[in-house]
Amino acid sequence: MQKERTFVIIKPDAVQRGIIGEIISRFERKGIKIVAMKMESVSRELAEKHYGVHKGKPFFEPTVEYITSSPVVALILEGNNTIEMVRNMMGKTDPQKAELGTIRGDFGQFIGRNIIHGSDGADTAKFEIDLWFKQEEISKYCRIDEDWLIE
Ligand code: IDP
Ligand code: MG
């Protein structure tokens, strides 16, 4: 079994709309462990680094403005195959195309207000975790349900 970490941002629109708890509770109910979490007003510098791969694309500047427009909640989630599982729970980038039952499909309407970010692969997860969190902000602990979650 592959235990891995992923990086998630509950974006400004989700914070403003009061659905932080709804989103976090989906991860908790799925059995995914939260190992780090903080609310942060994102600087332009951090936003530009985070979205660096998209520099030069037409949506780069609006996306940097979106993510810096109001506080976000940043999390590190840990568990079995967590990167792919969280991406599946998020749904497609465009909430119009995301399936109902996914976070973007259930809560969003526009691609420029798509509720949540999650790392798209192992290298990205490592880059984003190191960019957003210090080692001492990450907690190591066992959830009491771990033995009942994994076969
Ligand atoms: P992802 O968040 O599903 O991985 P990416 O293609 O990596 O999607 O794009 C990063 C973010 O940039 C998206 O989550 C969204 O906030 C924004 N974005 C991407 N494409 C568009 C677009 O066509 N219009 C507006 N915003 C976009
Ligand atoms: Mg992406």
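Only this structure's heavy atoms are used, side chains among them; waters, hydrogens and symmetry mates stay out. Quick caveat, the model's predicted, so the values are computed rather than measured. First listed ligand is number 1; within each ligand, the first listed atom is number 1.
- Taking a cutoff of 4.0 Å between a charged side-chain nitrogen and a carboxylate oxygen, Arg44 and Glu61 qualify as a salt bridge.
- Contacts between Thr63 and ligand 1, counted as non-hydrogen atom pairs separated by less than 4.0 Å, involve the side chain only.
- Proximity of Arg87 to ligand 1 is established by a heavy-atom distance of less than 4.0 Å.
- In this structure, Met90 is a member of the same hydrophobic cluster as Val15, with clusters built from ILVMFWY side-chain heavy atoms closer than 4.5 Å.
- Remark: minimum distance from atom 16 (O) of ligand 1 to any protein heavy atom is reached at Lys11 NZ, 3.0 Å.
- Assignment of His50 to the shell around ligand 1 is not supported, since no heavy atom sits closer than 4.0 Å.
- Lys57 does not count as a contact of ligand 1, since none of its heavy atoms falls under 4.0 Å from the ligand.
- For the pair Trp132 and Val42, the minimum side-chain heavy-atom distance is below 4.5 Å.
- A salt bridge links Lys38 to Glu40: one of the charged nitrogens lies within less than 4.0 Å of a carboxylate oxygen.
- Just one residue in the list Ile19, Val8, Ile34, Ile32 forms a side chain to side chain contact (heavy atoms under 4.5 Å, CB included) with Ile24, and that residue is Ile34.
- In terms of polar-atom proximity, defined here as any N/O pair under 3.5 Å, His54 does make such a contact with ligand 1.
- The aromatic rings of His54 and Phe59 sit tilted, their planes meeting at an angle between 30° and 60°.
- One option in Asn114, Asp120, Asp13 has a heavy atom closer to atom 13 (C) of ligand 1 than any other, and that option is Asn114.
- One hydrophobic cluster, built from ILVMFWY side chains closer than 4.5 Å, holds both Ile115 and Met89.
- When the heavy-atom distances from atom 22 (C) of ligand 1 to Ile9, Thr124, Thr93, Ile111 are ranked, the shortest goes to Ile111.
- Closest protein heavy atom to atom 26 (N) of ligand 1: Phe59 CB, 3.8 Å.
- Of all atoms in ligand 1, numbered sequentially from 1 with element shown, those under 4.0 Å from a heavy atom of Arg104 are 1 (P), 2 (O), 3 (O), 14 (O).
- Residue Tyr51 has no nitrogen or oxygen atom sitting less than 3.5 Å from a nitrogen or oxygen atom of ligand 1, judged on distance alone.
- Under 4.0 angstrom from ligand 1, there are no non-hydrogen atoms of Lys92.
- Note on Glu45 versus Lys49: salt bridge recorded, some NZ/NE/NH1/NH2 to OD/OE distance being below 4.0 Å.
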